[in-house]
Number of protein chains: 2
Amino acid sequence: MGQKPTLKNVAQLAGVSEMTASRVLRGVGDVSDRTKEKVKTAARELGYVPNRIAGGLASRSVNLVAVIVPSIRNYVFPEVLTGISDALAESELQPVFGVSNYDLEQEERVINDMLSWQPQGIILAGLHHTEAAQKMLEAANIPIIEIMDCDGDPIDMCIGISHRQAGQDMARLIMERGYRKIGFVGTQMPLDFRAQKRLEGFKSELAQNDMQLSDEIYYDARSSIAKGRDMTVTLMERSPDLDCLYYSSDLLAVGGLMHCMTSGLSIPDDIALAGFNGLDMLDGLPTRLATTHVPRYEIGLRAAKAILARKENPDMPLKDKMQLLDISTEMADTL
Amino acid sequence: MGQKPTLKNVAQLAGVSEMTASRVLRGVGDVSDRTKEKVKTAARELGYVPNRIAGGLASRSVNLVAVIVPSIRNYVFPEVLTGISDALAESELQPVFGVSNYDLEQEERVINDMLSWQPQGIILAGLHHTEAAQKMLEAANIPIIEIMDCDGDPIDMCIGISHRQAGQDMARLIMERGYRKIGFVGTQMPLDFRAQKRLEGFKSELAQNDMQLSDEIYYDARSSIAKGRDMTVTLMERSPDLDCLYYSSDLLAVGGLMHCMTSGLSIPDDIALAGFNGLDMLDGLPTRLATTHVPRYEIGLRAAKAILARKENPDMPLKDKMQLLDISTEMADTL
DNA sequence: GTGAAAGCGCTAACAC
DNA sequence: GTGTTAGCGCTTTCAC
């Protein structure tokens, strides 16, 4: 198990030059079938694995796309990543994932790390970055796709939804249904700009109709069903006259739903519920939860395709600078 | 936005040699405070981002750990990845994630890709690989940590649980509780070796007691709550006398639970349910589901630490070759 | 404390 | 169809 075999070793064993071996292994240029065979056999025999570090340096390009998301445990992002992977699967580009933990400083570090690998493009969640990160991205001279959130100005290109709009839409529906004592349940507010924007949109729409939230409750941790249930209990004890609850995420809302099911509350007569995301999980529940469907997979798919498109045609088509995808608000059984 | 600045540019602007600039930027060697300052200022001014491709080639080492999992959408793996990230966060090593889609051929391709980046170590799920993949891994001459599944022989080191044991344990408990007409609900059987091993363990334990599964149902797709509900309905219509259902995953079992809740079945009197994984999600449900708790985060944590440890001390301590973690079977309300 | 020379393993560009 | 030359951007080594 001595030293790892290099292209030189393969070339020597095959009795050809390094260049020829390189051509065969990469499948480029014209090489006779006979030499092809010799090189391939030699490579197999040695268990040769090309060194992309060297290859990347020589060709001054690596087929990487950097992808940075706030969290990987949040059910939302794995679907976005899947969209990205699927879109890149047919190309020679490869995604590399990094996580920022909803922390702008950490995001900056991750961006720097990623950039140091000289990727072909970068996809990252959100429009908010540190000043230094912003500068690095602008200077990188590669396609930058900011995803998920389109309420603001992208550095380069933006693919996502309007979270403000999502909040407004839900507020309007809730008011149309006649609810008047509305409570809000959220987590991770200071960390999650998108949840904040939904809440802002929600509140502003209420205000337009001379209404406001009757009560709000926040918890600074990861969303979970259990947390949603506990917060619902606390909030309803504190404000028993609430007739509708808007949650910052489906996971929390499912917790509320579970609470209602066990405590015998009738939905939506005793209390109405609404979440956000449109998680697949909702399909399996006994009651269909009102929510806003977000095309997560589609966002990932488009972001990756945008990078692919830019590789072909480096002149940015300005009209597509901002791709605002449709969201659909579902009333379902709980509103 | 011309050419990306290189170390040379930084050195020139700072009026020092490339070598000195390199030392400052990496924080190694003795450099006077005055030159340090000059270099740092120059780097900042140019927006210099080091080229790790070049650095890696020169130093013949990159601080990467390759991590390959079958899926990122399965709720299990994000937690493993989080454990890995957390363990590596304090080190200078960085994880790179790849996905095999429960496909051995694709896994082989991903392993090859990963290895071509010359990582310091590799963490991958399962003990089953193609012959070619096996060879590449053996030849790589770096720590190989196979995680999740410890029923078999690792290439190098193995950290996980015995899925066979998990199946056996659950079968024993179910029999102890007096259930006699047992059904099984599973997905993705041919693709998921670990689910297979659980089922084997489960069946063999039944056989030990002269029992066998009364009915089984499989579906070849991603697990989901909705799928679990639908399959439960189908199975119970087909075999109405079943008194207990064992699911290949919690997600499916939750679907069964939802079905029972809506159709007014009493648990565990009408039907008992058991899942596998111990997902956090279960904490929020109205009924506590019987399940096997798997220390997913811990597995990731240990795998990463094993690689860190090997960097310090390259002589493999053979006694730790196999780290079998404890699993706990929870009876809860549904058994 | 700093610098000069050499080279990591590969590929672009050109010659033959 | 194949080989030669040069060099990617950085770090190692050794000299001063």
Side-chain angles (χ1 to χ4, degrees), chain A residues 2-40 42-43 46-64 92 113 115-120 140-141, chain B residues 2-40 42-43 46-64 92 112-113 115-119 140-141:
Chain A
Q3 218 34 56
K4 267 182 223 151
T6 68
L7 186 60
K8 194 183 201 165
N9 301 323
V10 175
Q12 279 169 349
L13 184 59
V16 299
S17 71
E18 285 187 54
M19 203 50 237
T20 302
S22 170
R23 281 197 268 255
V24 174
L25 266 13
R26 282 180 300 151
V28 301
D30 282 328
V31 184
S32 73
D33 286 350
R34 188 153 149 46
T35 28
K36 259 188 201 151
E37 209 41 61
K38 281 195 298 185
V39 172
K40 282 184 182 164
L46 293 173
Y48 173 71
V49 177
N51 183 337
R52 284 228 249 171
I53 304 276
L57 182 59
S59 65
R60 266 171 302 177
S61 88
V62 291
N63 294 319
L64 296 179
E92 77 285 13
D113 275 350
L115 251 23
S116 74
W117 289 106
Q118 321 291 121
Q120 300 278 329
N141 209 12
Chain B
Q3 218 35 54
K4 267 182 223 152
T6 69
L7 187 59
K8 195 183 201 167
N9 302 323
V10 175
Q12 279 169 348
L13 185 58
V16 298
S17 72
E18 282 187 55
M19 203 47 243
T20 302
S22 169
R23 280 197 267 258
V24 174
L25 265 15
R26 282 180 300 150
V28 301
D30 281 328
V31 184
S32 73
D33 286 351
R34 187 153 151 44
T35 27
K36 258 187 200 153
E37 208 40 62
K38 281 195 299 187
V39 172
K40 282 184 181 164
L46 292 173
Y48 173 70
V49 177
N51 183 334
R52 284 228 250 170
I53 305 276
L57 182 59
S59 64
R60 267 170 299 177
S61 89
V62 292
N63 293 318
L64 296 180
E92 77 285 14
N112 194 297
D113 275 350
L115 251 23
S116 74
W117 289 105
Q118 320 290 123
N141 208 13

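A, B, ... follow the sequence lines: proteins, then strands. Residue 1 opens every chain.
Side-chain atoms of Asn51(B) and Thr6(B), non-hydrogen and from C-beta on, never get closer than 4.5 Å to each other.
Within 4.0 Å (heavy atoms only), Asp30(B) reaches at least one base atom of the nucleic acid. As judged by a 4.0 angstrom heavy-atom cut-off over every strand, Arg23(B) is placed among the base-contacting residues.
Separating the OG atom in Ser32(B) from the NZ atom in Lys38(B) is a distance of 7.5 Å, to the nearest 0.5 Å. Atoms CG and CH2, from Asn112(B) and Trp117(B) in turn, are 12.5 Å apart once rounded to the nearest 0.5 Å. With values rounded to the nearest 0.5 angstrom, Leu57(A) atom CG is found 9.5 Å from Gln118(A) atom CD.
Between Val62(A) and Gly56(A), the shortest heavy-atom distance links the atoms CG1-CA, 3.8 Å. Scanning both residues, Val31(A) and Thr35(A), for their nearest heavy atoms gives CG1-OG1, 3.2 Å.
Comparing the local axis fitted to the first five base pairs of the helix from dG1(C)-dC16(D) to dC16(C)-dG1(D) with the one fitted to its last five gives a bend of 30°, rounded to 10°.
Contacts of Ser59(B) classified as side-chain hydrogen bond (donor to acceptor under 3.5 Å, both in side chains), with partners at least two apart in sequence or in another chain: none.
Where DNA chain D meets chain A (any atom under 4.0 Å from a heavy atom), the bounding nucleotides read 5' to 3' are dG1(D) to dG9(D). Along DNA chain C, the stretch of nucleotides lying under 4.0 Å from any heavy atom of chain A spans, 5' to 3', dG9(C) to dA13(C).
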Exercise answer: donor-acceptor pairs, residues 11-22 of chain B side-chain atoms, under 3.5 Å, sequence neighbours excluded:
unit_1	atom_1	unit_2	atom_2	d
Ser17(B)	OG	Met19(B)	N	3.4
Ser17(B)	OG	Thr20(B)	N	3.2
Ser17(B)	OG	Thr20(B)	OG1	3.1
Ser22(B)	OG	Arg26(B)	NE	3.2
Ser22(B)	OG	Arg26(B)	NH2	3.1

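Among Val39(B), Asn9(B), Leu25(B), the single residue meeting the side chain to side chain contact (heavy atoms under 4.5 Å, CB included) criterion with Tyr48(B) is Leu25(B).
Residues in residues 46-63 of chain B take part in these salt bridge (charged side-chain N to carboxylate O under 4.0 Å, His left out) pairs, two or more places apart or across chains: Asp113(A)-Arg52(B).
Ranked by how close their nearest DNA chain C nucleotide is to the 5' end, Arg60(B) and Ala21(B) are led by Ala21(B).
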